[in-house]
Each structure stands twice: as C-alpha cells, then as structure tokens.
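Below is one structure; the comments refer to it alone.
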Number of protein chains: 2
Amino acid sequence: MNISDAARHSGLPAKTIRYYEDIGLITPERRANGYRDFSDQTLDRLRLLAQARLMGFSLEECRKLLALNADEHRASRDVRALAEQNLASVRAKITELQALEARLEGLVAQCHGDDDPECAILDGLTGTAPGCAAR
Amino acid sequence: MNISDAARHSGLPAKTIRYYEDIGLITPERRANGYRDFSDQTLDRLRLLAQARLMGFSLEECRKLLALNADEHRASRDVRALAEQNLASVRAKITELQALEARLEGLVAQCHGDDDPECAILDGLTGTAPGCAAR
DNA sequence: GGTCAGCCTTCCAGATGCTGGAATGTATAT
DNA sequence: ATATACATTCCAGCATCTGGAAGGCTGACC
C-alpha cells in the first residue's frame, strides 16, 4: 500500500506520515523502487496515532500508547494512567483559558468601541488607571 | 537603562526583550559601547507587550496594539475589535478542549485500570469495538 | 519510443514564541 | 591584575507539522 492510500485509510496527510517515520513512530517497509509500503500493522499504528492525536495526546505519549498497544502483557492500569495525565492537562488548560476569558471580558466590557481614542483596553494593558487619558 | 533593568521593570526576561527587538516590536537606542539603552517610551512598549501576552494576544496582535497605542487618532473601536477577536479564539479553544475533556472522560471511565491487558482506552483509539480483545 | 499526468522520494525552510548555550566584549570593584 | 557581573551576537532546539523545490518512477496514450 502506497503512502497516499495509507493517508486515506488513516486520515493523516502523507507529509505527517513521513514525519512520523522520521521520528521513529512507524517503520514502513520499502519496495525496490524506494516507495514506502504500508502493511496492515503499520496502518493500525497510523490509525492509533490519528485517534490519539485527536484525543490530545502528545507524540511522546502516542509513542507510549503504541508500545502499550503492541505489548500483550500490558496492564490497562498503565494506559489509564496516561489518559488521566492527559485529561488533567486538558483540564488545567481549560481552567487557564477560562481565567483569560474572564479577564478579557472585563476589559472589553469597559471599552466604548467608538471613534474616540480613549480606550479602556489600552489603559488596562498599559497599567494606566481608567480615565487617565483625560487627565 | 540597561536591558536587565528593562527586564525588571517590564517583567520580561532579557532574552525575550532581545527577541522582541529582533522581530521589530521595539527599537531601543544603542550606547557607544553597543549596549541597548531603554527609554521610558520603549519601556512602556515592553510593559504593553508583557500585559498583552498575558492576555493571550499573539505577537502580531501585539504589534497592532502597539501601533494603536501610539496613534493618538486611533478609534477605540479598532482596539476593541482586536480584543474581541482574541476573546473569540479563546472561547473557541475552550469549547474544543471541553469536547476533548468529555471524550477523554468517556474513555477513562470505561477502562478498568488493572493488571489485565484488556483496555477500553486502546480499544477506543484503535477503533476496536469494546470487548473485542476477548473474542 | 516519446510524452504527460500523477504519483513517489529527499531535503530545506518556515511557522510560533521563546529559551539555552557558546564565544566574546565591557564595566566596576578590589 | 583579576574577579564578577554585566552586555553582545549567533546558532540551535523545543513541538508538530506544512509548504515547496528538485528530481525519480509509473502507467496510459499516441
């Protein structure tokens, strides 16, 4: 199977697949002409990669997931630990962004948004107390 | 004022300040010895940069904010538009991450997390129907 | 055989926003 | 003279691709 078919079947761009090979996440065979030849096994790895990336796992986490997936003696505990770690960092990012959202809302709410140069957002960002532009 | 003082007064690392000069966000004077010399004006720009970065603006957005801040004929409408754009992208990211969170929670909840190799998370990521490992 | 489209390959560069480190120069104090 | 604590530039790397250039291979058509 050629790279464009592998791309179709995995949902990943061919460029990304080559990159994944570069960093050792997959090792497809080569045909005599130098073309990559994707086995079903390699395709499975690509599909796992595609799904895990969609689920927010980093490439290094994906590497561990691939290893666990290939290890028939794995403990599901280990997989779960990875997923929980990922979940925790997703939640941390959400919390952070929500704080950002609140602060931005506060700034935007104070700005008139008209033709006037006086702007509460710039005042907020430059540490100028609101109204200082007029003083 | 030397770069380390500028760093102290703006809250930005000296490295970051040099980088901001590299990409043209600031243009501090130079002394005879080649050292940068930060004026109050340049320091103001650094402070705006520091705050705007904390508020999630990209460096290109910061560039526009700096231009607006320096333009006494600006319309606060334009500043507000930038802030709202930023707010919208923050909200979009939150929504995306929340969807991710829900999907991850779903996966994690199904996984036993014990010594057994059977794992709902891997099943979910590989498209294997749950329970297929036992069949 | 020639030619063309449409694959494939490798390698280099760029995006974002810094951050670390090396090699070197300057200022200040003792 | 030396020690230190600054300063400078330049190069490389982080994560994760993505685009493009230059060139080779395949398969169909004439």
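In what follows, every chain begins at residue 1, and chains take the letters A, B, ... in the order their sequences are listed. Side chains are part of it too, since the values below use all heavy atoms of this structure and drop only hydrogens, waters and symmetry mates.
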| said: Counting C-beta onward and ignoring hydrogens, is there a side-chain heavy-atom pair between B:Phe57 and B:Leu65 closer than 4.5 Å? | reply: yes

| query | For the atom pair CZ (A:Arg45) and OG1 (A:Thr27), what is the distance rounded to the nearest 0.5 Å? | reply | 6.5 Å

| query | B:Tyr19 side chain N/O closer than 4.0 Å to the phosphate oxygens (OP1, OP2) of C:dT16? | reply | no

| hbond_proxy A:Tyr35 side chain to D:dG24 base (donor-acceptor, 3.5 Å cutoff) | yes

| A:Asn86 side, atom CG; A:Arg91 side, atom CZ - distance, nearest 0.5 Å | 10.5 Å

| Quick one: which of A:Leu59, A:Leu12, A:Leu25 gives a side-chain contact (heavy atoms from CB on, under 4.5 Å) with A:Tyr19? | A:Leu59

| query | Between C:dA27 atom P and B:Arg31 atom CZ, what is the distance in whole Å? | reply | 9 Å

| said: Rounded to whole Å, how long is the line connecting atom CD of A:Glu29 with atom P of C:dT9? | reply: 14 Å

| note | Comparing B:Thr16 with A:Arg18, nearest DNA chain C nucleotide closer to 5' gives the residue A:Arg18

| query | To the nearest angstrom, how far is A:Ile17 atom CD1 from D:dT16 atom P? | reply | 17 Å

| Below 3.5 Å, does any donor atom in the side chain of B:Lys15 face an acceptor in the base of C:dG17, or the other way round? | no

| task | Round to a whole Å and report the spacing from CD1 of A:Ile26 to P of D:dC17. | result | 12 Å

| message | Need one value for B:Ile23: base, sugar-phosphate or nothing, where a base atom within 4.0 Å counts as base even if backbone is also close, heavy atoms only. | response | nothing

| query | Are B:Ser58 and C:dT16 close enough that a side-chain N or O sits under 4.0 Å from OP1 or OP2? | reply | no

| Student check: side-chain heavy atoms of A:His9 and A:Met1 closer than 4.5 Å | yes

| task | Run through B:Asp116, B:Asp115, B:Asp114 and flag the one making a side chain to side chain donor-acceptor pair (under 3.5 Å) with A:Ser76. | result | B:Asp114

| remark: Numerically ordered, the residues 40-55 of chain A set in heavy-atom contact under 4.0 Å with DNA chain D is A:Arg53

| task | Compare all side-chain heavy atoms of B:Tyr20 with those of B:Leu49 and state whether any distance is below 4.5 angstrom. | result | yes

| query | Between D:dG13 atom P and A:Glu60 atom CD, what is the distance in whole Å? | reply | 16 Å

| note | B:Glu21 atom CD is separated from C:dG17 atom P, nearest whole Å, by 18 Å

| How many Å lie between CD1 on B:Ile3 and P on C:dT26, as a whole number? | 17 Å

| said: D:dA7, OP1 or OP2 - any side-chain N/O from B:Arg36 closer than 4.0 Å? | reply: no

| query | B:Asp22 has an atom CG; how far is it from atom P of C:dT19, in whole Å? | reply | 14 Å

| request: Find the distance between CG (B:Leu122) and CG (A:Leu66) and round it off to the nearest 0.5 Å. | output: 9.5 Å

| message | Assuming nearest nucleotide by heavy-atom distance, tell me which of A:Phe57 and B:Ser4 is located more 5' along DNA chain D. | response | B:Ser4

| query | How would you label the contact of B:Arg30 with the nucleic acid (heavy atoms, under 4.0 Å): base, sugar-phosphate, or nothing? | reply | sugar-phosphate

| OP1 or OP2 of D:dA7 sitting under 4.0 Å from any side-chain N/O of B:Asn33? | no

